[in-house]
Amino acid sequence: MEFKDATLPEIEAAVREAHVAFLSYKNLNGKKKGEFLRAIADEIEALGNSLIQTAMQETNLPEARVVSERGRTTGHCRMFAQLVEEGSWVDARIDSAQPHRVPAPRPDLRKMLVPLGPVVVFGAANFPLAYSTAGGDTASALAAGCSVIVKAHPAHAGTSELVASAIRKAMIQTGMPQGVFQHLHGAGFEAGQALVKHPLAKAVGFTGSLTGGRALFDLANQRPEPIPVFAEMSSINPVYLLPESLAKNFEKTALLLANSVTQGVGQFCTNPGLMIAVDNDDLKKYIKRLGEEIIKTPAGTMLHQGIANNYHKRMAESLAQKGVSIEAQATDAGNNRQGRATVVSVSAKDFLKNPLLAEEVFGPFSLIVKCADVNELNLLAARQHGQLTSSIIGEEAEIEKFQSLLNLLREKAGRLIINGVPTGVEVVPSQNHGGPYPSTTDSRFTAVGTDAIKRFVRPVAFQNFPNSLLPSELKNENPLNVFRLIDGNWTRDQVK
Ligand code: NAP
């Protein structure tokens, strides 16, 4: 189905409506926002099979994946509902007045988090549900009390339209201010850029390419009033294969990594695009076993032609670099929208001399870097760019000998994994899905888990406010029963 691109006047109207809606939505209590988020989840489920079929047809993802992504989407809507219904996330702090303090009296100071304003969300190509119209960015922004303007990804515009219809129904059912959620199409950069530049837009959520994310980040920073852009962009998620463990477990490790590299035709931001190990006979055995698995993986249809073209182009570039050789490659299905699994290798010396090899090849592709010794492996780690994840495969006793590596990786990645692969992102409060540039534009925040809400809020302090004028969370009597830091103690008590 064809969807009409939003015109500039339509974009202007959408942002204005989102701004007006924000002015009342921001004051709704957690119970009301929770009802809205739960209704969104219910209405997405009520779309039933038509949503699943549309997403499958637009993205070529298999049914099981789309069904599980729908579960993840409704799951995070309900998770944020629970968070805001409970209410303590606003991080309320109260420091009571000390009128008799010498040499100067202390005023009454109270602080909490408040929403930023209208948030522009770009649907992601690789998650038509969980990172798109009602994805983690939208759900966390709505939970925070922000209105949202979604720019649908053209690769799954029909899926996006269906989810938008569910959100609109939920708005009506729960009496939300009209305009709190806006949905626009635009198969070109104009719509997205106009949204980011709009003076009433206050933040941006994005998942996609480094080029796209960086362009939008720069645009937002060139505005007369710069705004934050939370862009998740490019990560090759290095996996460090420690020598003793590889000697013992080369087979098990090869199966684990082969599955992770090829899962979902490699179209995950957490795909392990880099494996780093000391070059020896155990590594040869590992590569042989990994290759056997890679070769037998059927080529899969990629999400859209642009992603497939990009995969083929980036892989060809990588293969043309000095010292790079193919270790294993699945059969070419002869269809240019398919991505065949490929594992290549290069020496650490050639890798270190060639920055292009450290760039993401988005798809079922991984580069093995062969190090002369452990020192070279450590040097490679020191030269890594920021990543969403870094993994170490090794037994506890062996990893203890690599304390400096572990210490270094903490500076490089947002999630450190021992004896596991980066794919498979749990949606729980302790998750961190973010990392230093270029994996994201702001490593201080996560895009997954309850803390994702913190991207779309800012602190406000209220000094010497009479009790009647304070927000409920900061009133003396604690009517919402939230946890608060009162004069140094975390408590649900009233102010004495
Ligand atoms: P993309 O090209 O970055 O596009 C994502 C969204 O941002 C689209 O809606 C696009 O608009 C918009 N956009 C991109 N650049 C823009 C600009 N300069 N100004 C305004 N809007 C802009 O990503 P994609 O289409 O999803 O996939 C392309 C490549 O991105 C992939 O091949 C892959 O390399 C990478 N990617 C990475 C991840 C990851 O998690 N690391 C995820 C998905 C994709 P239009 O659609 O209108 O062009």
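Predicted model, so just to flag it, every value in this text is computed and none were measured. Order of listing sets the numbers, starting from 1, for every ligand and every atom in it.
When heavy-atom distances to ligand 1 are checked against a 4.0 Å cut-off, A215 comes that close only through its side chain, counted from C-beta outward. Under 4.0 angstrom from ligand 1, there are no non-hydrogen atoms of R314. With a 4.0 Å heavy-atom cut-off, ligand 1 is reached by the side chain of N126 but not by its N, CA, C or O. Neither the backbone nor the side chain of L210 has any atom closer than 4.0 Å to an atom of ligand 1 (non-hydrogen atoms only). The backbone and the side chain of F189 each have at least one atom closer than 4.0 Å to an atom of ligand 1 (non-hydrogen atoms only).
For ligand 1, none of its N or O atoms has an N or O atom of T207 under 3.5 Å away. Taking any N or O of E360, backbone or side chain, at least one lies under 3.5 Å from an N or O belonging to ligand 1. Between S235 and ligand 1, not a single N/O pair is under 3.5 Å apart. Checked against a 3.5 angstrom limit, the closest N/O atoms of N310 and ligand 1 fall inside it. Residue G188 places at least one N or O, backbone or side chain, under 3.5 Å from an N or O of ligand 1.
Under a 4.0 Å heavy-atom criterion, F206 is in contact with ligand 1.
Those atoms of ligand 1 with a heavy atom of G186 less than 4.0 angstrom away are 47 (O).
Ion pairing between a basic and an acidic side chain is recognised when a charged N comes within 4.0 Å of a carboxylate O; R223 and D218 show no such pairing.
When all heavy atoms of F230 and F456 are compared, the pair lying nearest together is CD1-CE2, 3.9 Å.
Residue pairs meeting the salt bridge (charged side-chain N to carboxylate O under 4.0 Å, His left out) criterion with at least one partner in residues 55-70, sequence neighbours excluded, are R65-E69.
Residues H153 and H304 place their aromatic rings such that the two centres sit under 6.0 Å apart.
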